[in-house]
Amino acid sequence: MIIKPKVRGFICTTAHPQGCAAHVQEQIEYIKDQGAIAGAPKNVLVIGCSNGYGLASRITAAFGGGANTLGVCFEKPPTEKRTASAGYYNTVAFENAAKAEGLYAESINGDAFSDECKEKAIALLKENMGKVDLIVYSLGAPRRQDPKTGEVYSSVLKPINEGYTAKNLNTDTLTITDITVEPANEEEIVQTVKVMGGEDWELWIEALKEADLLAEKCNTVAYTYLGEKLTWPIYGHATIGKAKEDLDRAAKAINEQLAPVHGKANVSVLKALVTQSSSAIPIMPLYISLVYKVMKEEGTHEGCIEQLYRLFTEGLYADAPRLDEQNRYRMDNLELRPETQAKIEALWPQVTEENLFDLTDYKGYSEEFLKLFGFGWDGVDYETDTDPMVEGNFK
Ligand code: NAD
């Protein structure tokens, strides 16, 4: 079939296998160009391995540290008539590249929140990889079924206490209008914490510990975003921010669990950039387009892979990592520089539909969005008949 992007709101329902492979390859090359990472882990489990920050974590571990990796993701396989999801093609491309270098790389396509998935991961680790020295927790999920009670929780993206009205870019129509988001009720807050908080991260570490699969001095990290004034009402001080605060609680609890193996758990604060998860958050597409504009002009722009390389070299495996008062690695330091935020805040009220492409880097944002699904890559012939049926070796 001829595979073209089909964008519906903040999601693209098609993906291009060769384009996704090009995306993975570009990140592999970036990491290889940086040279080997000193002290890097050798056996890594990445939960949420197929897109965005989790995929970049896996690539950094494998190609910067020569690590064997087990990945967990939740992706749609292809059919004769429909393409797979981008994360499916990304994972196949990653595994092929890793195996070509003699690295162990296997992936589970299943619900990371379930007991079944954890049991499968443990069996695979026991059989093929042994104890893990890094566990990356990088899920971006809208809902979670509690494995013990069977109850299904859904997350919401809403402010807390008061409603919020802000400028929002509709990425389908390129119109800018004010949107009002009503505040979440108590139940919605609880449900969002259940989905995006730290409970499942703790369950993973507990299960690995029980199975004696935690290596001496193992690390585990979960990702968060904090942001600043412009995004606080919908992120930092909103339902998702509450869920992310729960990661700080979980990190403390996990640190206790890891004491016998002298391991450590940290939250890492990463910068805002376009991924499948962030494009779904109101305000974020416009905010990120401004971040890109300002940071590209400053020469401080980074994508997922640059952030992850810094997390490994300035955080996880640095002799003197930069941690904040909550024991978090701060890789958002460039985005949150006061001068950078001041420029973004000054531009924010000036943006209109007419000047969108001048005042912001919406062009860069939208090109990068399509690239997440494998579209817009040099060297890929998008007019050629392409077989969506790429074979995966998922467990
Ligand atoms: P993403 O949408 O690119 O990737 C999400 C991953 O989670 C995919 O691999 C997907 O397959 C997996 N996943 C989702 N539900 C699953 C399930 N039930 N079982 C197994 N796998 C599942 O997301 P992202 O933007 O890379 O976000 C990853 C983490 O980074 C999140 O915690 C997010 O809050 C955080 N973060 C993102 C940003 C940003 O701007 N994108 C900034 C800072 C922190």
Side-chain angles (χ1 to χ4, degrees), residues 27 30 51-57 60 138 140 157 166-169 196 221-238 240-241 243-245 247-248 266-316 318 321-351 356 359-369 371-372:
Q27 296 184 67
Y30 173 83
N51 284 310
Y53 278 126
L55 173 63
S57 310
T60 306
S138 184
L157 295 160
K167 197 175 217 172
N168 185 53
L169 169 66
M196 289 300 285
V221 68
Y223 299 148
T224 192
Y225 179 69
L226 290 179
E228 256 280 355
K229 276 190 220 94
L230 283 171
T231 54
W232 279 343
I234 195 68
Y235 201 108
H237 297 171
I240 180 80
K244 294 296 190 179
E245 275 172 26
L247 290 179
D248 295 325
N266 297 84
V267 170
S268 175
V269 191
L270 301 174
K271 75 170 283 229
L273 42 74
V274 57
T275 65
Q276 291 190 38
S277 290
S278 66
S279 57
I281 303 174
I283 301 171
M284 277 305 196
L286 189 53
Y287 172 75
I288 294 173
S289 302
L290 280 168
V291 170
Y292 282 12
K293 172 82 173 174
V294 170
M295 294 185 77
K296 282 179 185 175
E297 279 173 10
E298 286 177 342
T300 55
H301 176 71
E302 293 172 306
C304 288
I305 198 71
E306 289 87 353
Q307 279 273 288
L308 254 296
Y309 179 73
R310 284 213 291 128
L311 174 61
F312 271 55
T313 53
E314 294 176 19
L316 283 166
R322 200 164 10 86
L323 288 158
D324 68 11
E325 70 292 347
Q326 299 252 47
N327 207 30
R328 296 178 295 215
Y329 297 118
R330 297 305 296 261
M331 296 304 135
D332 59 343
N333 54 325
L334 300 175
E335 176 190 341
L336 295 196
R337 288 188 330 152
E339 56 271 45
T340 305
Q341 284 298 311
K343 284 181 216 163
I344 297 168
E345 277 173 35
L347 287 169
W348 180 265
Q350 299 176 43
V351 180
L356 178 68
L359 289 197
T360 83
D361 184 29
Y362 181 68
K363 183 170 176 289
Y365 176 95
S366 54
E367 284 170 0
E368 213 175 291
F369 175 79
K371 281 185 157 184
L372 297 177

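- Of the inter-residue distances, the one linking Y53 atom OH with L270 atom CG reads 5.0 Å to the nearest 0.5 angstrom.
- Remark: the backbone N or O of R322 is not paired with any side-chain donor or acceptor of R330 at under 3.5 angstrom.
- Annotation: the span from Y362 atom OH to L290 atom CG amounts to 13.0 Å, rounded to 0.5 Å.
- Although no hydrogens or angles enter the test, the distance criterion places a donor-acceptor pair under 3.5 Å between the side chain of Q341 and the main chain of E335.
- Residues Y223 and S57 bring a donor and an acceptor atom of their side chains to less than 3.5 Å of each other.
- Look at K343 and E339 and you find no salt bridge, because none of the NZ, NE, NH1 or NH2 atoms lies under 4.0 Å from a carboxylate O.
- Atom OG1 of T360 and atom CG of L347 lie 9.0 Å apart (nearest 0.5 Å).
- A 4.5 Å side-chain heavy-atom check between L359 and K293 finds every atom pair outside the cut-off.
- Relative orientation of the H301 and Y292 rings is perpendicular, given thresholds of 30° and 60° on the angle between their planes.
- Atom CD1 of I240 sits about 12.0 Å away from atom OG1 of T231, to the nearest 0.5 Å.
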Does Y225 form a side-chain contact (heavy atoms from CB on, under 4.5 Å) with M284? I'd like the steps, not just the answer. CA-CA 12 Å; Y225 179 69; M284 277 305 196; 3.5 Å; yes
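- Once rounded to the nearest 0.5 Å, the distance linking OG of S278 with OH of Y365 reads 5.5 Å.
- Put simply, the side chain of D361 never gets that close to the backbone of S289: no donor and acceptor are under 3.5 Å apart.
- The closest donor-acceptor contact from the side chain of N266 to the backbone of N327 lies under 3.5 Å.
- Between the side chain of Q307 and the backbone N or O of M331, at least one donor-acceptor pair lies under 3.5 Å.
- Across Q27 and A56, no two heavy atoms sit closer than the pair OE1-CB, 3.7 Å.
- Other residues, nucleotides and ligands contribute more than 12 heavy atoms inside 6.0 Å of the NZ atom of K296.
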Check the pair I305 / T60 against side-chain contact (heavy atoms from CB on, under 4.5 Å), numbers first and verdict last. CA-CA 7 Å; I305 198 71; T60 306; 3.7 Å; yes
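- Between T275 and C304, the shortest heavy-atom distance links the atoms CG2-SG, 4.2 Å.
- For the atom pair L226 CG and L336 CG, the distance stands at 7.5 Å (nearest 0.5 Å).
- Summarising the geometry of P282 relative to L157, their closest heavy-atom pair is CD-CD1, 4.2 Å, with the distance given to 0.1 Å.
- In this structure, the side chains of Y329 and L323 come closer than 4.5 Å at one or more pairs of heavy atoms.
- You'll find the side chain of I283 reaches within 4.5 Å of the side chain of W348, heavy atoms only.
- Listed for the K167 side chain is a donor-acceptor partner under 3.5 Å among the backbone atoms of P349.
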Dump the intermediate steps for salt bridge (charged side-chain N to carboxylate O under 4.0 Å, His left out) on E306 and R310, then the final yes or no. CA-CA 6 Å; E306 289 87 353; R310 284 213 291 128; over 6 Å; no
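- Taking both residues in full, the closest heavy atoms of L356 and L169 are given as CD2-CD1, 3.9 Å, listed atom of the first, atom of the second, then distance.
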Run T340 and L334 through side-chain contact (heavy atoms from CB on, under 4.5 Å) and show every step you take. CA-CA 8 Å; T340 305; L334 300 175; over 6 Å; no
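- For the residue pair P233 and L230, the shortest heavy atom distance occurs at CD-O, 3.7 Å.
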Output, in order, the C-alpha distance, side-chain angles, deciding distance and verdict of side-chain contact (heavy atoms from CB on, under 4.5 Å) for Q326 and V267. CA-CA 9 Å; Q326 299 252 47; V267 170; over 6 Å; no
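- G227 and W232 make their closest contact through O-NE1, 3.2 Å (heavy atoms, listed as atom of the first residue, atom of the second, distance).
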Step-by-step salt bridge (charged side-chain N to carboxylate O under 4.0 Å, His left out) determination, K271 to E302: CA-CA 8 Å; K271 75 170 283 229; E302 293 172 306; 5.6 Å; no
Could you go through E367 and K363, starting from their C-alpha distance and side-chain angles, then the distance that decides it, and tell me whether this counts as salt bridge (charged side-chain N to carboxylate O under 4.0 Å, His left out)? CA-CA 6 Å; E367 284 170 0; K363 183 170 176 289; 3.0 Å; yes
